[in-house]
Amino acid sequence: MRRISLTSSPVRLLLLLLLLLIALEIMVGGHSLCFNFTIKLLSRPGQPWCEAQVFLNKNLFLQYNSDNNMVKPLGLLGKKVNATSTWGELTQMLGEVGRDLRMLLLDIKPQIKTSGPSTLQVEMFCQREAERCTGASWQFAINGEKSLLFDAMNMTWTVINHEASKIKETWKKDRGLEKYFRKLSKGDCDHWLREFLGHWEAMPEPTVSPVNASDIHWSSSSLPDRWIILGPFILLVLMGIVLICVWWQNGEWQAGLWPLRTS
């Protein structure tokens with residue numbers, strides 16, 4: 001039986017490919033935090049004008065409404081966060097952001113084509129990979145129609161619904177508003193994500209069923225899309241490893257039949 005040296009060329013290549021796979025795993029093994037706000041200009045008595053849901057890694061663990069200005073914990077993770085000093089800060093932040101978003105909705109109401117009450121659905125999203133913030137964004141839906149995306153990492157706007165073009169131009173001219181969005185998503189959201197991950201990693205497994213990704217995040221930067229891009233590449237790497245093992249076992253490397261051999 002042939003003994004394989006760790007210094008041989010095929011073994012070094014195999015080790016290199018394995019290291020590459022580990023790096024790719026770190027790249028796609030990120031964590032995300034998502035705040036979903038629903039804002040109404042008008043609400044019936046006893047109904048909140050602002051509702052919010054908070055997701056960690058697509059798992060719903062907190063709910064907020066403006067009617068009682070309270071955050072409701074869901075599942076084990078929610079209970080763990082509820083027992084920390086972070087709870088009061090989070091409740092205050094959700095209330096302040098809700099009021100700011102309501103003012104935005106009031107400002108753009110003249111540009112919204114609707115005969116009924118206006119609503120604004122907003123998603124603030126941040127993502128961490130390899131111990132750093134790799135994604136931060138805001139997504140806006142007006143009266144249920146996906147309208148605008150703001151990438152807080154590079155400060156760019158994307159119009160999804162052409163009817164929101166004027167709103168985009170209005171917000172784009174407001175540099176203070178853009179900095180506010182960037183601070184909340186790239187700064188505060190990332191801070192909360194680091195805080196919550198400490199509790200998440202201490203849990204044996206999620207206690208709340210994950211929500212469909214399309215229900216909470218519809219931008220091009222979502223985690224599943226990364227697998228679509230990296231999946232074929234990982235498959236090619238694995239096929240390469242298998243071929244190297246087969247060629248090595250058949251002795252074709254020493255016979256000069258290795259297809260990548262150069263003269």
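Just so we're clear, the structure is a prediction, and the values are computed from it rather than from any experiment.
In this structure, CG on Leu94 lies 10.5 Å from CD on Gln92, to the nearest 0.5 angstrom. Atom NZ of Lys58 sits about 12.5 Å away from atom NE2 of His31, to the nearest 0.5 Å. With rounding to the nearest 0.5 Å, the separation of CG in Leu56 from CG in Leu33 is 6.0 Å. Rounding to the nearest 0.5 angstrom, the gap separating the CG atom in Leu149 from the OG atom in Ser147 is 11.5 Å. To the nearest 0.5 Å, atoms CG (Leu104) and OG1 (Thr170) are separated by 11.0 Å. Between the CG atom of Leu62 and the CG atom of Leu74 there is a distance of 7.0 Å, given to the nearest 0.5 Å.
Closest of all the heavy-atom pairs between Phe61 and Val81 is CE1-CG2, 4.1 Å. Here the closest non-hydrogen pair linking Asn143 and Ser118 is OD1-CA, 3.3 Å.
When the side-chain contact (heavy atoms from CB on, under 4.5 Å) test is applied to Glu51, the partners found at least two apart in sequence or on another chain are Pro48, Asn65. Here Asp188 pairs with Lys183 under the salt bridge (charged side-chain N to carboxylate O under 4.0 Å, His left out) rule; sequence neighbours left out. In this structure, Ser165 has no side chain to side chain donor-acceptor pair (under 3.5 Å) partners at least two apart in sequence or on a different chain. Residues passing the side chain to side chain donor-acceptor pair (under 3.5 Å) test with Arg44: none are found, sequence neighbours excluded. The side chain to side chain donor-acceptor pair (under 3.5 Å) check on Asn82 picks up Trp87, with sequence neighbours excluded. Annotation: salt bridge (charged side-chain N to carboxylate O under 4.0 Å, His left out) contacts of Arg175 (sequence neighbours excluded): Glu178. With sequence neighbours excluded, no residue satisfies salt bridge (charged side-chain N to carboxylate O under 4.0 Å, His left out) with Glu195.
Ion pair Asp190/Arg194 flagged as a salt bridge, since at least one NZ, NE, NH1 or NH2 atom sits closer than 4.0 Å to an Asp/Glu carboxylate oxygen.
Looking at Trp138, its side chain does come within 3.5 Å of a backbone N or O of Phe181 through a donor-acceptor pair. A donor-acceptor pair under 3.5 Å is absent between the side-chain atoms of Gln63 and the main chain of Pro73, judged by distance alone. Counting only distance, with no hydrogens or angles, the side chain of Arg182 and the backbone of Met153 share a donor-acceptor pair below 3.5 Å. With hydrogens and angles ignored, the 3.5 Å screen pairs no side-chain donor or acceptor of Ser32 with any backbone N or O of Gln127. With hydrogens and angles ignored, the 3.5 Å screen pairs no side-chain donor or acceptor of Asp67 with any backbone N or O of Gln47. Counting only distance, with no hydrogens or angles, the side chain of Asn161 and the backbone of Ala164 share no donor-acceptor pair below 3.5 Å.
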Could you give me the CA-CA distance, side-chain angles and deciding distance for Phe55 and Asn36, then say whether side chain to side chain contact (heavy atoms under 4.5 Å, CB included) is met?
-> CA-CA 8 Å; Phe55 300 83; Asn36 278 1; 3.7 Å; yes

Go through Ile142 and Ile108 one step at a time and tell me if the side chain to side chain contact (heavy atoms under 4.5 Å, CB included) criterion holds.
-> CA-CA 10 Å; Ile142 301 172; Ile108 65 174; 4.2 Å; yes

From CA spacing to verdict: side chain to side chain contact (heavy atoms under 4.5 Å, CB included), Met124, Phe150 | CA-CA 10 Å; Met124 178 174 68; Phe150 177 67; over 6 Å; no

After noting the C-alpha distance and the side-chain angles of Thr158 and Leu148, does the key distance pass the side chain to side chain contact (heavy atoms under 4.5 Å, CB included) rule?
-> CA-CA 6 Å; Thr158 301; Leu148 296 171; over 6 Å; no

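Side-chain rings of Tyr180 and Trp171 stay apart, their centers remaining 6.0 Å or farther from each other. For Phe37 and Tyr64, the gap between ring centers reaches or exceeds 6.0 Å.
In this structure the side chain of Trp192 reaches within 4.5 angstrom of the side chain of Leu90, judged on heavy atoms. When side chains are defined from C-beta on, Phe140 does not count as touching Lys168, because their heavy atoms never get closer than 4.5 Å.
Screening residues 86-115 for salt bridge (charged side-chain N to carboxylate O under 4.0 Å, His left out) gives no qualifying pairs among residues at least two apart or on separate chains. Listed by first and then second residue, the disulfide bond (SG atoms under 2.5 Å apart) pairs involving residues 135-179 amount to none (not counting sequence neighbours). Residue pairs meeting the disulfide bond (SG atoms under 2.5 Å apart) criterion with at least one member in residues 67-117, sequence neighbours excluded, do not occur. Here disulfide bond (SG atoms under 2.5 Å apart) pairs that include residues 43-76, with residues two or more places apart or in two chains, number zero. Listed by first and then second residue, the disulfide bond (SG atoms under 2.5 Å apart) pairs involving residues 117-171 are Cys126-Cys189 (not counting sequence neighbours).
The hydrophobic clustering, which links ILVMFWY residues whose side-chain heavy atoms are closer than 4.5 Å, places Leu106 and Ile167 together.
Annotation: Met155, atom CE; neighbour count of heavy atoms from other residues, nucleotides and ligands within 6.0 Å is above 12.
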